[in-house]
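Here is the structure we will look at.
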Amino acid sequence: FMSFNSFVFLCIFLPGMVIGYFLLPKKMKNFYLLIGSILFYIWGDDKGLPVLFFSILFNYIFGLAIYGLRKKEGENGRGAKWIVFLAVLFNLGLLGVYKYTSFILHNFQKLFHTSFNPVEIILPLGISFFTFQGISYVIDVYREEGRQGRSIVQKNLFDFALYIGMFPQLTAGPIIRYHTVREALSNREHTIGKLALGFER
């Protein structure tokens, strides 16, 4: 895991990300941040990367399904509510499998004195954060469509992946609500003052 106060992060990774980001044209910035975030994650947990991708893909699909059903059924339709329920169930199930399976099997073995060797399931880095961020996204899509008659669904898979997997919050949080960063994903302003504030933080 590349900690934020490590030499590698402060002197190699972060300067490289900042320099590359400002050299690239606007259309390439999000993709560049996504690639950097993937490399950041691989540094700490290359085996957990498929789980992260799996979570991103399914929450992206859930969001599109909710959007489609809201558009078709209207505010009081039940289809979108069922998709939200399935999305929450999927995310909590994914978290439960990786976080509690080994614990349950070890206790089962001790309780019943069985001789089998429980499979050790390695907990993917940041799974709690990206799981609950996925849940907050599908709920935001559902609520925004229902209350304001318009959807905040993200149709660009790469931008959605960046929202879930952005390296500053991927492994340590906090969980960011999608509606608070929706505009910044596609349109953000860069100034020397904001850059200085970012370095100060």
Side-chain angles (χ1 to χ4, degrees), residues 1-60 63 91-92 94-103 120-138 140 154 156-201:
F1 170 61
M2 192 189 307
S3 62
F4 296 139
N5 61 354
S6 67
F7 174 84
V8 174
F9 181 81
L10 291 174
C11 299
I12 300 173
F13 181 82
L14 185 59
M17 288 300 299
V18 171
I19 293 168
Y21 179 85
F22 281 101
L23 288 176
L24 287 169
K26 183 179 178 181
K27 290 182 179 179
M28 293 294 295
K29 291 184 187 299
N30 279 4
F31 188 70
Y32 179 73
L33 289 174
L34 178 59
I35 295 299
S37 296
I38 291 170
L39 292 175
F40 178 85
Y41 192 85
I42 289 173
W43 183 278
D45 182 16
D46 58 333
K47 292 179 181 177
L49 192 62
V51 182
L52 175 61
F53 284 164
F54 185 70
S55 176
I56 288 170
L57 180 61
F58 271 81
N59 282 301
Y60 173 76
N91 281 288
L92 292 179
L94 186 68
L95 182 63
V97 165
Y98 280 95
K99 209 159 189 178
Y100 300 111
T101 299
S102 293
F103 172 78
E120 289 292 335
I121 297 178
I122 299 172
L123 190 67
L125 187 65
I127 188 170
S128 295
F129 296 112
F130 66 73
T131 297
F132 284 109
Q133 193 140 306
I135 291 173
S136 76
Y137 168 73
V138 295
D140 270 2
Q154 178 55 255
N156 185 312
L157 178 58
F158 293 115
D159 285 352
F160 178 70
L162 180 61
Y163 160 67
I164 296 290
M166 183 70 169
F167 72 87
Q169 52 82 40
L170 175 60
T171 58
I175 296 163
I176 300 171
R177 296 289 299 276
Y178 178 71
H179 72 270
T180 64
V181 296
R182 173 179 52 143
E183 293 299 328
L185 279 172
S186 57
N187 186 27
R188 50 189 177 269
E189 182 186 33
H190 303 99
T191 65
I192 296 299
K194 287 184 177 181
L195 182 63
L197 180 60
F199 276 118
E200 184 182 343
R201 285 180 175 172

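Both backbone and side-chain heavy atoms feed into the values below; hydrogens, waters and symmetry mates do not. Since the model is a prediction, treat every value here as computed from it, not as a measurement.
- A donor atom on one side chain and an acceptor atom on the other are not found under 3.5 Å apart for Tyr163 and Gln154.
- In summary, the aromatic rings of Tyr137 and Phe160 are positioned with their centroids under 6.0 Å apart.
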*Hey, mind stepping through Val18 and Phe199 against side-chain contact (heavy atoms from CB on, under 4.5 Å) and telling me if it holds?*
CA-CA 10 Å; Val18 171; Phe199 276 118; 4.1 Å; yes
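- Ser37 and Met166 get closest at one heavy-atom pair: OG-CA, 3.6 Å.
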*Check step by step if side-chain contact (heavy atoms from CB on, under 4.5 Å) holds for Gln169 and Gln133.*
CA-CA 10 Å; Gln169 52 82 40; Gln133 193 140 306; 3.2 Å; yes
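- The backbone N or O of Ile127 lies less than 3.5 Å from a partner atom in the side chain of Thr131, making a donor-acceptor pair.
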*Take Ile135 and Leu92, measure what side-chain contact (heavy atoms from CB on, under 4.5 Å) needs, and give me the verdict at the end.*
CA-CA 9 Å; Ile135 291 173; Leu92 292 179; 3.9 Å; yes
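- Rounded to the nearest 0.5 Å, atoms CZ (Phe22) and OH (Tyr32) are 11.0 Å apart.
- Between the CG atom of Leu125 and the CZ atom of Phe130 there is a distance of 8.5 Å, given to the nearest 0.5 Å.
- Note that CG of Leu33 and CE of Met28 are 11.0 Å apart. Values are rounded to the nearest 0.5 Å.
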Without placing hydrogens or testing angles, list every side-chain donor-acceptor pair under 3.5 Å for residues 6-14, not counting sequence neighbours.
unit_1, atom_1, unit_2, atom_2, d
Ser6, OG, Ser3, O, 2.7
Ser6, OG, Phe9, N, 3.3

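- If you take CG on Leu123 and CG on Asp45, they are separated by 8.5 Å, rounding to the nearest 0.5 Å.
- Taking the six-membered ring for Trp, His190 and Tyr21 have ring centres closer than 6.0 Å.
- Of all heavy-atom pairs between His179 and Asp140, the closest is ND1-OD2, 3.1 Å.
- Checking Asn187 against Arg182 by side-chain atom types alone, no donor-acceptor pair falls below 3.5 Å.
- Note that the CG atom of Leu170 and the CZ atom of Phe129 stand 9.5 Å from one another [nearest 0.5 Å].
- Between Gly134 and Asn91, the shortest heavy-atom distance links the atoms C-ND2, 4.4 Å.
- Side-chain atoms of Thr171 and Phe40, non-hydrogen and from C-beta on, do get closer than 4.5 Å to each other.
- Of all non-hydrogen atoms in Pro124 and Gly48, the two that sit nearest each other are CB-CA, 4.1 Å.
- Taken from CG in Leu52 to CD1 in Ile42, the straight-line distance is 10.0 Å, to the nearest 0.5 Å.
- Counting heavy-atom neighbours within 6.0 Å of Phe31 CZ, excluding the residue itself, gives a total of 12 or less.
- Nearest heavy-atom pair across Ile164 and Ile56 is CG2-CG1, 3.7 Å.
- The neighbour count for Leu197 CG, taken as heavy atoms of other residues, nucleotides or ligands under 6.0 Å away, is above 12.
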*For side-chain contact (heavy atoms from CB on, under 4.5 Å), just list the numbers for Tyr178 and Leu185, CA-CA rounded to whole Å, side-chain angles, deciding distance to a tenth of an Å, and then say yes or no.*
CA-CA 10 Å; Tyr178 178 71; Leu185 279 172; 3.7 Å; yes
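- Nearest approach of Ser186 to Lys26, heavy atoms of both residues: O-CE, 3.9 Å.
- Between Phe53 and Leu49 the shortest side-chain heavy-atom distance falls below 4.5 Å.
- Side-chain contact between Arg188 and Asn30 is present, with heavy atoms from C-beta onward closer than 4.5 Å.
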